[in-house]
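Indexing begins at 1, ligand by ligand and atom by atom, following the structure's order.
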Amino acid sequence: MDNTSTSQTMAMLRIGDKAPSFKVVTTQGDINFPDDYKGNWIIFFSHPADFTPVCTSEFMTFATLEDKFAEANCKLVGLSVDGLYSHIAWLRTIKEKIQYKGMKDVEVNFPLIEDITMEVARRFGMIQPGESSTKAVRAVFFIDPKGVIRAIIYYPLSLGRNFDELYRALIAMQTADAFSVATPADWRPGDEVIVPTAGSCGVAKDRMEGKEDMHCYDWFFCTKKISEQEVLGRILKK
Ligand code: BEZ
């Protein structure tokens, strides 16, 4: 950890902060985070413990979706406060023995960080003593290609993550960046997006002129259609 100390009193990371950098050992060799991922989005996530069932279902799902996230220029990096040999043994067991929802023979090819000192987990607010002081909660940090934290989601130990939502959030943030728009409730590619507010009704009307694809219901609520093809064509790697 090179840009900050790891004392308990450190401020919690927030959206808009630069992701702290660190060098660690993983199941895929040493990594220098986030520099090794420059130019990519990163989903950096923690799980409570190896050899536990909810985490196993999540790892199988993440591994199965790894190529889909990669198409959206996003790398996966996992962490728990277990050691490297535990990680390796658990991932081998998953591959050799576990079948879940039609997934089997699942190989986890993204790095899983060993963090027995809890240094990284503490810095990222993954240790939440109200839930557990010996295990990380299920945290998800979305980090953009410039190393900036763009979204953070925390789940308790008992709750497995929703991967549709993780993917939806990633695509929605990339869409917001690419088209300078916002995405409304439950947005999915192909749905209408929100055009930044115009400031007054008159301005809203002006903005609509010649823009048949845009609809202003009032000064604060303008939408427009961007087709799924246009969104995914801009975002996904060919
Ligand atoms: C699980 O992954 O199954 C789990 C881990 C820690 C506490 C509870 C459940």
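Taking the six-membered ring where tryptophan is involved, the planes of Phe22 and Phe33 are essentially parallel, since the angle between them stays under 30° and well short of 60°.
Linking ILVMFWY residues whenever their side-chain heavy atoms come closer than 4.5 Å, directly or via other members, places Phe141 and Met12 in the same cluster.
Val54 N, 2.7 Å is the protein heavy atom nearest to atom 3 (O) of ligand 1. The protein heavy atom nearest to atom 9 (C) of ligand 1 is Leu157 O, 3.9 Å. Among all non-hydrogen protein atoms, the one lying nearest atom 6 (C) of ligand 1 is Pro48 CB, 3.7 Å.
Between Arg188 atom CZ and Thr175 atom OG1 the span is 12.0 Å, to the nearest 0.5 Å.
Contact annotation for Pro53 and ligand 1: heavy atoms of both the backbone and the side chain come within less than 4.0 Å of the ligand.
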TODO: Evaluate the side chain to side chain donor-acceptor pair (under 3.5 Å) criterion for residues His87 and Asp50: first the C-alpha distance (whole Å), next the side-chain angles of each, then the deciding distance (0.1 Å), finally the verdict.
DONE: CA-CA 6 Å; His87 286 344; Asp50 297 346; 2.6 Å; yes
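Here is the list of ligand 1 atoms found below 4.0 Å of a heavy atom in Thr52: 1 (C), 2 (O), 3 (O), 4 (C), 5 (C). Close approach to Cys55 involves these atoms of ligand 1, each under 4.0 Å from a residue heavy atom: 1 (C), 2 (O).
For the pair Arg138 and ligand 1, the shortest N or O to N or O distance falls below 3.5 Å.
Side-chain rings of Tyr37 and Phe44 stay apart, their centers remaining 6.0 Å or farther from each other.
Looking at Leu13 and Pro20, their side chains come closer than 4.5 Å, going by heavy atoms from C-beta outward.
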